[in-house]
Amino acid sequence: MDEKLLKPYDPKETEDKIYKLWEESGFFNPDVCVKKGITKPDAETFTLIMPPTNANGSLHAGHGLVMAIEDIMVRYKRMQGFKTLWLPGLDHAGFETQIVYEKQLEKEGRTRFEIESKKLYKEILDFTLKNSKNIKSQIKKMGASCDWSREKFTLDDNIVKTVYQTFKRMYDDNLIYRGNRIVSWCSKHQTSFSDLEIKDEERIDSLYYLKYGPFVIATSRPETKFGDKYVVMHPDDKRYKDYTHGQKIELEWINGPTTATIIKDNSIDMEFGTGVMTITPWHDATDFEIAERHKLDKEQIIDEFGKLLPIAGEFTGQHIKKARTLIIEKLQKKGLIEKIDENYKHVIRTCYKCGTTIEPQIKNQWFVKMKPLAEQALEKINNKKIEYIPEHYQKITVHWLENIIDWNISRQIVWGIPIPAKICNKCENGMVDIENIISKCEKCGGDVRTDSDTFDTWFSSGQWPFATLGYPDNNDFKTFYPTNVMETAGEIIFFWVSRMIMLGLYITGEIPFKTVYLHGLVLDAKGQKMSKSKGNVIDPLILTEKFGTDAFRIGMIIGNTPGTSLALSEDKIRGYKNFANKIWNATRFVLENTKNFTPPETPNYDEEDKKSDEELKLLIKEITKEMDEYKFYIVAEKLYHYFWHTFADVIIERSKVKILKNQNADSAKILLNTQLTTLLKLLHPFIPFVTEEIWSIIKKDTKEKNDLLMVAKWPA
RNA sequence: GCACGCUUAGCUCAGUUGGUAGAGCAUCGUCUUGACGUGACGAGGGUCGUAGGUUCAAUUCCUACAGCGUGCACCA
């Protein structure tokens with residue numbers, strides 16, 4: 001017997017060695033499996049695209065969970081004989097990475113606004129490439145059996161090429177347009193966002209009732225009101241029936257006399273405030289819509305840095321944060337304030353990264369027309385062509401898709417895929433120009449400049465399933481698309497999953513994946529969100545170092561249902577370290593007691609052993625079904641339970657007596673052998689390292705061919 | 001306000017075709033001869049958020065309410 005077994009199981013001595021063994025076998029690559037006769041050439045495929053990992057830091061607990069779940073799926077399918085592809089990737093993660101890098105710059109006393117954009121791009125690229133190496137070795141540490149020969153990066157030439165083709169095609173199909181629209185602007189990060197990068201925050205502020213000529217208007221943002229020259233009310237409001245649409249009135253306003261125009265619009269809520277409001281179309285989405293409807297003038301009041309423009313008169317150049325109180329003072333003096341409600345509860349929109357209040361601005365940018373894309377997706381989703389796990393995410397998705405708005409894909413940051421377009425200096429017309437050949441405006445003949453914006457990172461990652469497989473001509477695309485499962489965090493159901501469905505459908509005509517499996521957040525032991533500032537971040541690598549990757553993986557899986565968040569505690573992982581050791585020691589017992597024993601072709605069990613044999617067969621049936629239903633949390637628990645409390649506590653204990661007294665000893669030995677080898681196979685997807693190591697020891701002892709457990713056949 | 005969840009043992013959570021509740025950890029007791037003390041055997045502990053309804057029967061289905069959580073471009 002191998003003397004390793006005489007000591008407790010040591011993950012540190014084992015894991016790297018085993019991973020190397022797997023990598024060298026080539027079995028992570030489905031083509032190699034076919035070539036070596038492990039998978040049938042015509043076998044059904046199972047494709048899983050790994051969510052591209054952000055290459056801007058270290059692996060966190062959430063990644064650990066992703067790797068555990070996805071590796072379980074993949075190893076299971078591979079053992080079942082599927083032509084299994086798990087394609088790994090890394091994400092440049094545009095804005096996210098830029099933020100991380102900006103923080104680093106801040107520490108060095110630099111800011112991105114002083115660095116020339118090409119140089120900044122190069123710096124962030126170096127930073128990303130350095131991190132990529134780190135991340136990749138950490139993914140390997142988790143035991144991920146993904147096909148590294150097919151690894152992709154979101155900035156790879158062929159990915160960018162696909163993204164450009166999509167952009168062009170959507171533009172030609174009239175699904176992408178450039179237009180002056182209201183966008184969400186962060187004055188700290190100096191970029192616009194889509195609606196998803198915004199976080200709502202509830203606040204109690206003051207609501208000011210201002211005298212506007214004969215009217216009283218309510219506003220929470222007096223600092224935007226300088227240019228207000230339209231006063232809007234509902235056409236059915238009896239209180240204001242004497243005023244007519246288009247009527248002009250002279251009135252005294254913040255910085256002097258002004259002429260206001262009456263506008264009647266149905267969007268006004270008669271119940272709110274006084275039922276009358278003035279509008280600021282440049283800095284408010286609703287006001288913008290009203291202005292569009294009635295073709296009203298729009299004027300910018302606040303600049304990109306949150307400072308007041310000359311229209312504010314004496315307040316010009318003031319930051320809006322400071323200006324508000326000063327403006328109120330002045331209005332007070334002029335007697336234009338009717339009253340102030342200081343307990344006004346409302347929701348303001350903030351940057352999801354820095355919490356800065358979002359300032360809507362009108363910008364000329366690229367937008368994706370979402371309605372037609374959403375309709376296609378809804379049709380498939382409502383017809384259950386895509387299965388959501390957990391199910392209720394389907395409703396959430398449908399709700400979002402039904403209320404979808406156009407998607408701003410322009411970002412004013414350097415770190416990303418440049419938008420291949422030219423902009424006319426004269427008329428601001430935007431032209432898609434992938435070949436970089438346009439030099440004069442197609443509309444007015446004016447000079448053009450290259451668009452300096454980059455794509456929203458989700459525009460490119462939204463194309464990930466077909467882009468990575470080499471749409472349209474690559475053989476991989478033909479073989480492995482549509483993929484089977486998209487496993488990712490529930491958090492990015494809109495950002496990523498829903499957009500992949502829409503873009504995948506649009507480009508390939510097929511859904512990109514059949515099943516969406518969403519896992520929840522990984523929280524600390526107390527159920528709190530992990531954050532660096534709270535200091536409660538649990539590093540998965542420290543846990544694997546302490547307890548072994550197997551313990552970490554199965555500890556993450558057991559008791560963790562899809563969609564629900566998971567409280568991760570060290571105690572739990574520690575418990576599963578004991579489990580790995582239990583298996584280790586049970587193996588020692590089996591090997592010691594079945595030395596020089598050759599089992600017969602057909603087992604001749606006694607009554608109780610036969611029962612045990614049938615019990616395990618029943619278990620296999622059950623868990624195979626549950627594996628197919630993605631209920632890994634149940635399967636892992638059942639296996640844990642069976643191994644410990646049936647195989648070890650009952651079968652091994654029973655065999656001691658039989659072997660010692662030599663009564664039905666053969667029956668006992670056969671049972672020990674078959675149950676152990678079967679259980680190793682069943683456990684392998686969950687705890688791949690210790691099972692593979694034991695497998696190699698057993699095989700050596702029995703002088704059989706040294707096949708890897710990772711490609712053994714799943715028991716039936 | 002709308003949408004979507006959650007509320008089961010001290011803690012973390014399972015419990016899908018409705019039949020008087022389960023796991024892990026924790027707690028307590030006993031054992032301690034050889035696979036493993038990273039062990040074995042055993043025990044305690046829940047009116048399954050509240051109130052109704054459907055049913056022979058509800059933790060499971062329906063309704064209302066409460067508390068907690070998450071998401072959201074009518075909110076001036």
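Reminder, nothing fancy here: chain letters follow the sequence lines and each chain counts from 1.
Considering only the side chain of A:Asp200, B:C72 comes nearest among B:U12, B:C72, B:C74. Side-chain proximity of A:Ser220 to the nucleotides B:A14, B:G24, B:A76 is greatest for B:A76. The side chain of A:Tyr640 lies closest to B:G24 when the candidates are B:G24, B:A35, B:A76. Nearest to the side chain of A:Asn581, among B:A76, B:A35, B:C36, sits B:C36. Proximity note for A:Lys582 (side chain, C-beta onward) versus B:G39, B:G24, B:G71: the nearest is B:G39.
A gap of 8 Å separates the C1' atoms of B:G18 and B:A57, to the nearest Å. Nucleotides B:A9 and B:G5, compared at atom C1', are 23 Å apart to the nearest Å. Across the P atoms, B:C25 and B:C31 are found 22 Å apart, a figure rounded to whole Å. Nucleotides B:A66 and B:A51 place their C1' atoms 11 Å apart, quoted to the nearest Å. Between B:G15 and B:U7, the distance separating the two P atoms is 10 Å to the nearest Å. For the P atom pair drawn from B:U8 and B:C68, the interatomic distance equals 15 Å after rounding to whole Å. Comparing the P positions of B:U27 and B:C48 gives an interatomic distance of 27 Å, to the nearest angstrom. Across the P atoms, B:U12 and B:G37 are found 32 Å apart, a figure rounded to whole Å.
A:Gly559 comes within 4.0 angstrom of sugar-phosphate atoms only, judged by non-hydrogen atoms across all strands, and of no base. Residue contacts shown for A:Asn593 are absent, as no nucleic acid heavy atom lies under 4.0 Å away. Note on A:Phe494: only backbone sugar-phosphate atoms sit closer than 4.0 angstrom, heavy atoms only; bases stay farther off. Residue contacts shown for A:Leu566 are absent, as no nucleic acid heavy atom lies under 4.0 Å away. Within the nucleic acid shown, A:Pro8 comes within 4.0 Å of at least one base atom, counting heavy atoms only. In this structure, A:Ile558 reaches neither bases nor backbone, as no heavy-atom distance under 4.0 Å exists between it and the strands shown. Nucleic acid contact for A:Ala586: base, since at least one base atom lies under 4.0 Å from a heavy atom of the residue. Using a 4.0 Å heavy-atom criterion, one finds that A:Lys631 contacts the bases of the nucleic acid, with or without backbone contacts as well. Using a 4.0 Å heavy-atom distance criterion, A:Glu653 is classed as a base contact. At a threshold of 4.0 angstrom between heavy atoms, the contacts of A:Ala580 with the nucleic acid are absent. Within the nucleic acid shown, A:Thr224 has no heavy atom closer than 4.0 Å to any nucleic acid atom.
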Kindly indicate, with the supporting measurements, whether the criterion side chain to side chain donor-acceptor pair (under 3.5 Å) is fulfilled by A:Asp228 and A:Thr280. CA-CA 6 Å; A:Asp228 287 12; A:Thr280 313; 3.0 Å; yes
Evaluate the criterion side chain to side chain donor-acceptor pair (under 3.5 Å) for residue pair A:Glu342 and A:Ser206; output intermediate values, then yes/no. CA-CA 4 Å; A:Glu342 284 175 352; A:Ser206 294; 4.9 Å; no
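Proximity of A:Trp644 to the phosphate of B:A40: a side-chain N or O atom is located under 4.0 Å from OP1 or OP2. Side-chain nitrogen and oxygen atoms of A:Asn578 include at least one within less than 4.0 Å of the OP1 or OP2 phosphate oxygen of B:G39. Remark: A:Tyr344 is in phosphate contact with B:A76, judged by side-chain N or O atoms under 4.0 Å from OP1 or OP2. A close approach under 4.0 Å does occur between a side-chain nitrogen or oxygen of A:Thr561 and OP1 or OP2 of B:A14. For the pair A:Thr286 and B:C75, the criterion of a side-chain N or O lying under 4.0 Å from OP1 or OP2 is met. One finds no side-chain N or O of A:Tyr212 lying less than 4.0 angstrom from the OP1 or OP2 phosphate oxygen of B:A76.
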Once base and sugar-phosphate atoms are separated, protein heavy atoms under 4.0 Å mark nucleotides 1-10 of chain B, 5' to 3', with B, S and - as --SSS-----
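Going from atom CZ of A:Phe272 over to atom P of B:A76 covers 5 Å, rounded to whole Å. Counting to the nearest Å, the P atom of B:G39 and the CZ atom of A:Phe647 are 17 Å from each other. Atom OH of A:Tyr576 and atom C1' of B:C13 are 11 Å apart (whole Å). Separating the CZ atom of A:Phe632 from the C1' atom of B:A14 is a distance of 16 Å, rounded to the nearest angstrom. If you measure from atom CZ of A:Phe589 to atom C1' of B:G39, you get 14 Å, rounded to the nearest angstrom.
Aromatic ring pairs are classed by plane angle as parallel below 30°, tilted from 30° to 60° and perpendicular above 60°; the pair A:His189 and A:Phe193 is perpendicular.
Mapping A:Leu196 and A:Met270 onto RNA chain B via the closest heavy atom, the residue that lands nearer the 5' end is A:Leu196. Taking the nucleotide of RNA chain B with the nearest heavy atom to each of A:Asp269 and A:Ala648, the more 5' of the two is matched to A:Ala648.
With a 4.5 Å cut-off on side-chain heavy atoms, A:Leu676 and A:Phe643 count as touching. The shortest side-chain heavy-atom distance between A:Ile358 and A:Cys186 falls under the 4.5 Å cut-off. Residues A:Ile249 and A:Pro214 are in side-chain contact: their nearest non-hydrogen atoms beyond the backbone lie under 4.5 Å apart. Considering only heavy atoms from C-beta on, A:Thr357 stays 4.5 Å or farther from A:Lys321 through its side chain.
When Watson-Crick and G-U wobble pairs are counted only if both distances are under 3.5 Å, B:G44 pairs with no nucleotide at all. Checking B:A23 for Watson-Crick or G-U wobble geometry (two distances, each under 3.5 Å) identifies B:U12 as its partner. Applying the Watson-Crick and G-U wobble criteria (two distances, each under 3.5 Å), B:C4 pairs with B:G69.
Between A:Phe367 and A:Trp407, the ring centre distance reaches or exceeds 6.0 Å.
No hydrogens or angles considered: a donor-acceptor pair under 3.5 Å links the side chains of A:Tyr642 and A:Gln675.
Remark: A:Arg239 engages A:Asp237 in a salt bridge, criterion side-chain N to carboxylate O under 4.0 Å.
Tested against A:Tyr576 for a ring-ring contact (aromatic ring centres under 6.0 Å, His included), the candidates A:Tyr640, A:Tyr9, A:Trp644, A:Phe547 yield a single pass: A:Tyr640.
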